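Structure, as structure tokens:
This structure is a prediction, so every number in the text was calculated from the model and none was measured.
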Amino acid sequence: MQDKKEQVEEAAKAAEEAAKAAEAAAANATGNADAAQAAADQARDIADQLAIIAASSPISDFVFLATIFILAIFVGYYVVWSVTPALHTPLMSVTNAISSVVIVGALIALGADLSDSVMSFWPKFFGFVAVALASVNIFGGFLVTQRMLAMYKKKER
Amino acid sequence: MADNLPAILYVAAGILFILALRGLSNPETARQGNRFGMIGMAIAVVTTLFVLEDKGIGTWFFVLVAIAAGAAPGAYIARKIPMTAMPQLVAAFHSLVGLAAVLIAWAAFLAPVAFNIGEPGHIHAGSALEMSLGVAIGAITFSGSIIAFAKLNGNMSGKPIMLPMRHPINLGLGLLILLFIGMLMTGEQSATTFFLLTLAAFVLGFLLIIPIGGADMPVVVSMLNSYSGWAAAGIGFTLENMALIITGALVGSSGAILSYIMCKGMNRSFVSVILGGFGGDDAAAAIGGEDDRPVKQGSADDAAFVMKNANKVIIVPGYGMAVAQAQHALREMADLLKSEGVEVKYAIHPVAGRMPGHMNVLLAEAQVPYDEVFELEDINSEFRTADVAFVIGANDVTNPSAKTDKTSPIYGMPVLNVEDAGTVLFVKRSMASGYAGVQNELFFRDNTMMLFGDAKKMCEDIVKAF
């Protein structure tokens, strides 16, 4: 799916360039009709190609992700109902720890290549702070859950 | 292939998180489940590190510093926190997830190219919606959890704070948030709009939680748990990351189910809890007014005598036990009873304490075996065969008027049938009513003996009296 998206993006870029070239040719108004015609043809070809790629893609990324999301909600529903009430506090602390997987987003921000971006300090700074906050939660959440679970003992017989 | 491997690893992390929750169906498998969770997290983090754009030495340095800066206090707190403080700890952790989600959404807003969601000022409408939802829910989670933390930790009164016009204000803020999201989607993507959206959500989170009383905190903490999950899912959609989406869905539904269980345990609708105004720590005068009927009062010696001669004692702990840190003294008392040949069981009401499962953790901490601890529906019929019900720090959850008195505010709430036991021993500091502000009919029954005093001290005195 990623490949297809890249293809689409590449094609879109190429189409844009072709259109620009056509525009430039027209603007030059040197009467170089051939060049303009060639550029326009190229643009049309690319547009056709785009249409084919789009048509062959049965579902959009969003629908795909939303499907996963909804299925995961159902999985969560059944899994959580099977959790014994005695372990509801560890359930909360462990869900807390795993929701810190947002650290993935924070790492992407911190490790982004922003050398040719207008804004390079703040996104990285926000990413840095978010990595630290999520780390508190990851370590704190898993360890406190472990500590609690170690306390649950069966009767010694 | 280069793109597929990380995607598969993220799904693997998501599956390990599912297994982490699955393990919690039983204390034996729970420890293994927690390890699965840790492995899943490690996979997600390492995978991300391998796909970073900028793998320069500077990035590694900052990543390590940030993780170390978070890991040290996190591990320290996890080791030192007393079990009675778990509710506020969980609230504090929720606020961190919320704030992290806000910061990530901001980073994505300012550097959309790095997140593959468009150009600055021209973020795709879908991504703008996802990140707006992420930032809004994250901000509500953050400020709401701060208030919940302050109330649970005693930095703030547990009493509901009722602002005038709060419903119209909240509704207005909600509409404002929707308006900003709409603006961001239709291309009005200035930093000001995004900032105003964040601000409105912060304020809304704050206002949503302040009217809710201390005793309704189990619902609030579960609800914020759920929100932190939805915020993660919002970020996950922005990043098109499977691990985040699966986790967000799991955590979101987990919190929602816990909220539902807590509401059912109080026989209150979710809406009425959220609208607030009920359940201060020390609610005003009892609905029935002052009551000067006589109660039977006993000493630690009397209690020790009654329990020693019993065959079966059921202990009913409540929030008061947590406040007095009485769980260890209680277990000591129970051990002595057991050595006298008395059968001892514990009965836990779903909303006892300040978070779901709070009492179970405290008893586990005091080394009470978990197979002596029973949930309401499993033990309620056993009170009939018990000689003594020992109620320590609980009140409303034992009030029989919830079953009989249709005018009572707690009518319909499931309660423990302690009045069926031969003798009811009530450890309480005073005659004050519980958080619902309802007089407990049980105090005036013939088979009830009130033991006035601090829960911990009372248990120690009973131990001495044996």
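Between chain B and the residues A/Val129, A/Thr145, A/Val104, the largest count of heavy-atom pairs under 4.5 Å involves A/Val104. The candidate with the highest count of non-hydrogen atom pairs below 4.5 Å against chain B, out of A/Val75, A/Asn137, A/Leu143, is A/Asn137. Ranked by non-hydrogen atom pairs under 4.5 Å with chain B, the options A/Phe139, A/Phe142, A/Trp81, A/Phe126 are led by A/Phe142. Ranked by heavy-atom pairs under 4.5 Å with chain B, the list A/Ser100, A/Ala134, A/Ala66, A/Pro85 is led by A/Pro85. Among A/Asn96, A/Val131, A/Val144, the residue making the largest number of heavy-atom pairs under 4.5 Å with chain B is A/Asn96. Listed options A/Gly141, A/Ala86, A/Ala112, A/Ala97 were ranked by heavy-atom pairs under 4.5 angstrom with chain B; first place goes to A/Ala86. The candidate from B/Gly37, B/Ala69, B/Pro73, B/Ala232 with the greatest count of non-hydrogen atom pairs under 4.5 Å with chain A is B/Gly37.
At a 4.5 Å heavy-atom cutoff, B/Thr47 makes no contact with chain A through either its backbone or its side chain. Using a 4.5 Å cut-off between heavy atoms, B/Glu375 touches chain A through its side chain atoms alone. Looking at B/Leu363, there are no atoms closer than 4.5 Å to chain A (heavy atoms on both sides), in backbone or side chain. The part of B/Leu239 that comes within reach of chain A is its side chain, from C-beta onward, which places non-hydrogen atoms under 4.5 angstrom from that chain. Of the two parts of B/Ser254, the backbone and the side chain both hold a non-hydrogen atom closer than 4.5 Å to a non-hydrogen atom of chain A. With a threshold of 4.5 angstrom between heavy atoms, B/Asn241 approaches chain A through side-chain atoms but not through N, CA, C or O. Using a 4.5 Å cut-off between heavy atoms, B/Ile348 does not touch chain A at all. For A/Ile108, the parts sitting under 4.5 Å from any heavy atom of chain B are the backbone and the side chain alike. Contact annotation for B/Tyr346: neither backbone nor side-chain heavy atoms come within less than 4.5 Å of a heavy atom of chain A. Of the two parts of B/Leu16, neither the backbone nor the side chain holds a non-hydrogen atom closer than 4.5 Å to a non-hydrogen atom of chain A. Both the backbone and the side chain of B/Val63 come within less than 4.5 Å of a heavy atom in chain A. There is no contact between B/Lys338 and chain A, counting heavy-atom distances below 4.5 Å. In this structure, the portions of A/Val83 lying under 4.5 Å from any heavy atom of chain B include both its backbone and its side chain. Contact of B/Val102 with chain A is not made at all, since no heavy-atom distance falls under 4.5 Å. The contact between B/Met38 and chain A is made by backbone and side chain atoms together, counting heavy-atom distances below 4.5 Å.
Inspection of the B/Tyr10 and B/Thr48 side chains reveals an N or O donor paired with an N or O acceptor under 3.5 Å. Side-chain contact check for A/Ser82 and B/Ser25: no donor-acceptor pair (N or O, by modelled atom type) lies under 3.5 Å.
When the shell of 6.0 Å around CZ of B/Phe61 is examined, it contains 12 or fewer heavy atoms from other residues, nucleotides or ligands. Shown here is B/Phe374, whose CZ atom has more than 12 heavy atoms of other residues, nucleotides or ligands within 6.0 Å.
Taking the ring centroids of A/Phe125 and A/Trp122, they lie under the 6.0 Å cut-off.
With contacts defined as side-chain heavy-atom distances shorter than 4.5 Å, the pair A/Lys124/B/Asp54 qualifies. Residues A/Phe62 and B/Glu130 have side chains in contact (heavy-atom distance under 4.5 Å, counting atoms from C-beta outward). Looking only at side-chain heavy atoms (C-beta outward), B/Val373 and B/Met359 stay at 4.5 Å or farther from each other.
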